[in-house]
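Just below is one structure, and these are the notes that go with it.
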Amino acid sequence: MIIWITSYPKSGNTWIRSFLTSLLYSDDGKNDFSNLDKIKQFPDRSLFKNFIHDFQNVEEVYKNWLNVQNYINLDNQIKFLKTHHVNCTIKNYKFYDDANSLGTIHIVRDPRNVLTSIKNHFSLKDFDEAKEFILKEKNWVGFTANKNDIITDNKIPTLISSWKINYLSWKKITKNYLLVKYEDLIKDSHKEFFKISNYLEKIMNTKFDE
């Protein structure tokens, strides 16, 4: 079963993942960024490689969202997946369903602050272009020819949509949903990390040493 770590880009997803990998995958709880790869991105080429032939074909990708999730859940183990994808349905193909998902940690950051980070991350020329970026409803990233994309080896079409639609699409989740605000992480990291660990104890039926 999947526990989603979801957010609009530049909202604290990596920060949460660094905490989770320290909690779950280290012997001493110390932060080691080499463990970040233990929480894969979705969609990602490594997960879709046995299902599609053309990684730039949007239709191939969305038709296999749930097929890939069904496959990786065959081992009946809990796994964490990071995503910036909007929670949507395209031509009756769903990105998310309760059957494959155990829970959702949703990180949200004030869009006025996201604007600055988006401008720098995607090398946009000014704040007007950054504003256009976060307001764009049909905003796909992950294309090889996308000039706004950061070059990576795991490129695959990802619909992030606008900040507003992305936020609302995940906010509607009812199954084991946890909202984490970036600004609260800044204000009191200790409190927020305990909130997350308590949440995981409940849905994973486990116990973490304080």
Side-chain angles (χ1 to χ4, degrees), residues 1-17 20 39-44 47-48 52 57-70 72-73 79-115 117-118 121-122 130-143 146 148-150 154-185 192 195-196 199-200 203:
M1 295 288 281
I2 299 166
I3 298 177
W4 296 97
I5 315 300
T6 182
S7 70
Y8 194 76
K10 313 312 296 178
S11 298
N13 202 305
T14 301
W15 192 3
I16 296 298
R17 284 186 296 124
L20 290 175
I39 298 180
K40 290 186 176 296
Q41 181 162 305
F42 191 93
D44 182 276
L47 298 175
F48 279 69
I52 63 178
N57 187 313
V58 170
E59 186 175 10
E60 279 194 56
V61 174
Y62 71 66
K63 282 185 176 181
N64 284 286
W65 285 335
L66 290 186
N67 290 335
V68 174
Q69 292 176 41
N70 288 332
I72 64 178
N73 276 328
K79 66 273 299 174
F80 292 80
L81 290 178
K82 161 202 172 177
T83 193
H84 295 309
H85 208 290
V86 66
N87 181 13
C88 65
T89 300
I90 300 179
K91 296 181 180 179
N92 294 321
Y93 292 98
K94 294 182 178 181
F95 180 82
Y96 165 101
D97 69 0
D98 282 344
N100 281 299
S101 305
L102 178 61
T104 300
I105 300 174
H106 186 192
I107 309 120
V108 179
R109 185 182 183 187
D110 188 320
R112 294 169 294 183
N113 293 326
V114 170
L115 196 71
S117 294
I118 287 288
H121 182 74
F122 289 101
K131 181 180 178 182
E132 181 181 347
F133 184 98
I134 70 170
L135 293 176
K136 186 178 179 181
E137 294 185 1
K138 295 182 179 180
N139 195 357
W140 289 86
V141 298
F143 292 102
N146 189 334
N148 288 329
D149 236 4
I150 301 300
N154 61 351
K155 278 180 175 294
I156 190 167
T158 301
L159 178 60
I160 62 173
S161 191
S162 68
W163 181 95
K164 178 181 178 180
I165 290 177
N166 192 296
Y167 163 69
L168 292 176
S169 73
W170 286 102
K171 187 69 170 61
K172 67 183 180 182
I173 296 296
T174 57
K175 181 180 180 180
N176 294 331
Y177 172 87
L178 178 68
L179 177 66
V180 178
K181 296 182 179 179
Y182 180 85
E183 289 73 25
D184 290 339
L185 282 168
E192 293 304 302
K195 181 172 77 173
I196 295 170
Y199 162 82
L200 293 177
I203 68 170

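- Across all their heavy atoms, R17 and T14 have their closest contact at NH2-OG1, 3.0 Å.
- Note that OH of Y62 is 8.5 Å distant from CG of N57, once rounded to the nearest 0.5 Å.
- Taking both residues in full, the closest heavy atoms of T6 and T104 are given as CG2-CG2, 3.6 Å, listed atom of the first, atom of the second, then distance.
- In this structure, S117 OG and Y8 OH are separated by 11.5 Å, a value rounded to the nearest 0.5 Å.
- Considering only heavy atoms from C-beta on, L81 comes within 4.5 Å of L47 through its side chain.
- Residues that satisfy the salt bridge (Lys or Arg N to Asp or Glu O under 4.0 Å) test with D110, not counting sequence neighbours, are R112.
- The closest side-chain heavy-atom distance from W15 to V180 is not below 4.5 Å.
- Interatomic distance, CG of L185 versus OG of S11, reported as 11.0 Å (0.5 Å rounding).
- The number of heavy atoms from other shown groups lying within 6.0 Å of NZ (K131) does not exceed 12.
- Looking only at distances, a side-chain donor or acceptor of N176 sits under 3.5 Å from a matching main-chain atom of L102.
- Between I39 atom CD1 and T83 atom OG1 the span is 13.0 Å, to the nearest 0.5 Å.
- Annotation: side chain of P43 is not in contact with side chain of V68 (no heavy-atom distance under 4.5 Å).
- Remark: E183 CD is packed, more than 12 non-hydrogen atoms of other residues, nucleotides or ligands lying under 6.0 Å away.
- Side chain of S161 to main chain of E137: a donor-acceptor pair is present (N/O by atom type, distance under 3.5 Å, no hydrogens or angles).
- Here F48 and F42 bring their ring centres to under 6.0 angstrom of each other.
- Using a 4.5 Å heavy-atom threshold, the side chains of L178 and I203 count as separate.
- Shown here are the salt bridge (Lys or Arg N to Asp or Glu O under 4.0 Å) partners of K175, two or more places apart in sequence or in another chain: there are none.
- Side-chain contact between S7 and H84 is present, with at least one heavy-atom pair separated by less than 4.5 Å.
- No side-chain heavy atom of I107 sits less than 4.5 Å from a side-chain heavy atom of W170.
- Ring geometry for F95 versus W4: interplanar angle of 30 to 60°, hence tilted.
- Between the R109 side chain and the K10 main chain, a donor and an acceptor come within less than 3.5 Å of each other.
- Residues V114 and Y182 form no side-chain contact, since every pair of their non-hydrogen atoms from C-beta on lies 4.5 Å or further apart.
- For the side chain to side chain donor-acceptor pair (under 3.5 Å) condition, the pairs that include at least one residue of residues 85-100, sequence neighbours left out, are N70-N100, N73-N100, Y96-D98, D97-N100.
- The side-chain heavy atoms of I3 and L200, taken from C-beta on, include a pair separated by under 4.5 Å.
- How far NZ of K63 is from CD1 of I90: 11.5 Å, rounded to the nearest 0.5 Å.
- Between K181 atom NZ and H106 atom NE2 the span is 11.5 Å, to the nearest 0.5 Å.
- What you find for Y199 and G103 is that their closest heavy atoms are OH-CA, 3.4 Å.
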